[in-house]
Amino acid sequence: GERELCDDMDNDCDGRVDEEWAGLVVSLQSENGDSRIVSFDTVGRITDELSLESGFVPYHLDHGIDGGFVFVHHPEYINISSLVPDEAPTDASAVVEVDMEGNCTVLAEFDDENFWWGPFVRGVKAHPDGYYVVAGPGALYRVDRDGTRSVLAEWAYDWSDAENFVMYAMDVAVDPVSGDVGMVDLLGG
């Protein structure tokens with residue numbers, strides 16, 4: 001394909017016009033609840049910092065549907081690099097929208113999703129049709145902005161059951177043009 005140019009045309013034929021990489025946005029969590037969202041430009045300079053309402057611990061950040069951001073909140077700081085947590089969290093995770101002032105709105109809680117590290121889901125992405133898709137280890141969810149939650153797909157996620165195991169989902173991806181959804185598996189699929 002061709003390289004995208006700023007000429008009001010879709011040079012690389014991906015359905016978007018004049019898009020270019022504009023930097024990186026990350027969520028930074030702290031054990032004391034002083035979390036924030038930080039934007040970097042293309043050479044790594046901080047261009048914006050958004051302090052979140054106290055008590056929210058953001059994971060799996062994406063841009064929100066109408067500006068701001070969306071993330072999966074885990075009420076407890078979790079050291080996910082330690083393979084097995086010291087103590088499994090018991091509080092529910094949630095899908096949260098945050099506006100550009102740092103105000104957080106919980107859209108849906110997932111207190112019934114008891115998986116490896118307790119009751120939480122993992123990835124969240126905005127869908128071009130105006131809702132969010134959320135990855136649980138054994139299900140793909142739709143979360144509407146009014147808080148309605150529905151199951152889009154389910155699969156076997158217990159890897160100790162090799163005969164039935166499909167995947168243990170860790171994240172989700174959405175094509176911004178077609179709306180196609182892809183899942184990322186903990187075990188590499």
Side-chain angles (χ1 to χ4, degrees), residues 19 21-83 85-137 139-150 169-174 176 181 183-184 186:
E19 79 278 359
W21 189 72
L24 176 68
V25 178
V26 298
S27 60
L28 301 175
Q29 310 94 15
S30 66
E31 292 182 64
N32 66 5
D34 295 333
S35 300
R36 60 192 195 279
I37 296 172
V38 179
S39 300
F40 297 89
D41 67 12
T42 57
V43 293
R45 294 176 296 222
I46 293 176
T47 58
D48 193 28
E49 284 191 61
L50 175 63
S51 294
L52 299 181
E53 191 177 313
S54 182
F56 284 92
V57 182
Y59 292 80
H60 306 284
L61 178 69
D62 194 24
H63 290 281
I65 291 171
D66 286 331
F69 298 95
V70 65
F71 59 85
V72 172
H73 158 70
H74 296 299
E76 303 173 41
Y77 178 84
I78 302 168
N79 179 1
I80 61 173
S81 65
S82 67
L83 293 184
D86 295 334
E87 183 178 315
T90 56
D91 292 332
S93 63
V95 172
V96 178
E97 278 187 319
V98 58
D99 65 22
M100 293 310 290
E101 284 76 46
N103 301 309
C104 297
T105 301
V106 174
L107 298 181
E109 289 189 330
F110 289 84
D111 57 354
D112 54 342
E113 298 302 316
N114 256 319
F115 297 115
W116 187 14
W117 267 305
F120 67 87
V121 291
R122 287 168 170 79
V124 60
K125 297 289 185 289
H127 193 278
D129 290 340
Y131 58 87
Y132 296 109
V133 289
V134 181
L140 175 67
Y141 300 95
R142 171 182 172 153
V143 173
D144 290 290
R145 297 189 70 213
D146 67 1
T148 304
R149 180 181 104 178
S150 55
M170 291 296 287
D171 204 355
V172 60
V174 177
V181 176
M183 305 299 297
V184 179
L186 170 68

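Computation of the quantities below employed the complete heavy-atom set of this structure, encompassing side-chain atoms and omitting hydrogens, waters and symmetry-equivalent molecules.
- Smallest separation of non-hydrogen atoms from G123 and D171: CA-OD1, 3.2 Å.
- Atom-to-atom distance recorded for E101:CD and L52:CG is 12.5 Å, nearest 0.5 angstrom.
- In terms of modelled atom types and a separation under 3.5 Å, the side chain of D48 and the main chain of S39 share no donor-acceptor contact.
- Y59 and H73 have their aromatic ring centers separated by at least 6.0 angstrom.
- In this structure, OG on S51 lies 10.0 Å from CD1 on I37, to the nearest 0.5 angstrom.
- The shortest heavy-atom contact between D62 and A126 is OD2-N, 2.8 Å.
- To the nearest 0.5 angstrom, H127 atom NE2 is 13.0 Å from Y132 atom OH.
- Between V26 and F40 there is a side-chain heavy-atom pair separated by less than 4.5 Å.
- For the pair H63 and V25, the minimum side-chain heavy-atom distance is below 4.5 Å.
- With a 4.5 Å cut-off on side-chain heavy atoms, S93 and F110 count as touching.
- Side-chain atoms of R149 come within 3.5 Å of backbone N or O of E109 as a donor-acceptor pair.
- Across all non-hydrogen atoms, the minimal contact from P58 to S27 is O-OG, 3.4 Å.
- How far CG of N103 is from CG of L50: 9.0 Å, rounded to the nearest 0.5 Å.
- Listed here is the closest heavy atom pair of G136 and V121: CA-CG1, 4.0 Å.
- The pair D144-R142 meets the salt-bridge criterion, with a side-chain N (NZ, NE, NH1 or NH2) lying under 4.0 Å from an Asp/Glu carboxylate O.
- Summarising the geometry, atom CZ belonging to R145 is positioned 9.0 Å from atom OG1 belonging to T105; distances are rounded to the nearest 0.5 Å.
- One distance of note links CG of L28 with CZ of R36; it measures 5.0 Å at 0.5 Å rounding.
- Counting heavy atoms from C-beta outward, P128 and V174 have side chains that approach closer than 4.5 Å.
- Side-chain contact between V172 and R122 is absent, with no heavy-atom pair separated by less than 4.5 Å.
- Between F71 and E97, every side-chain heavy-atom pair lies at or beyond the 4.5 Å cut-off.
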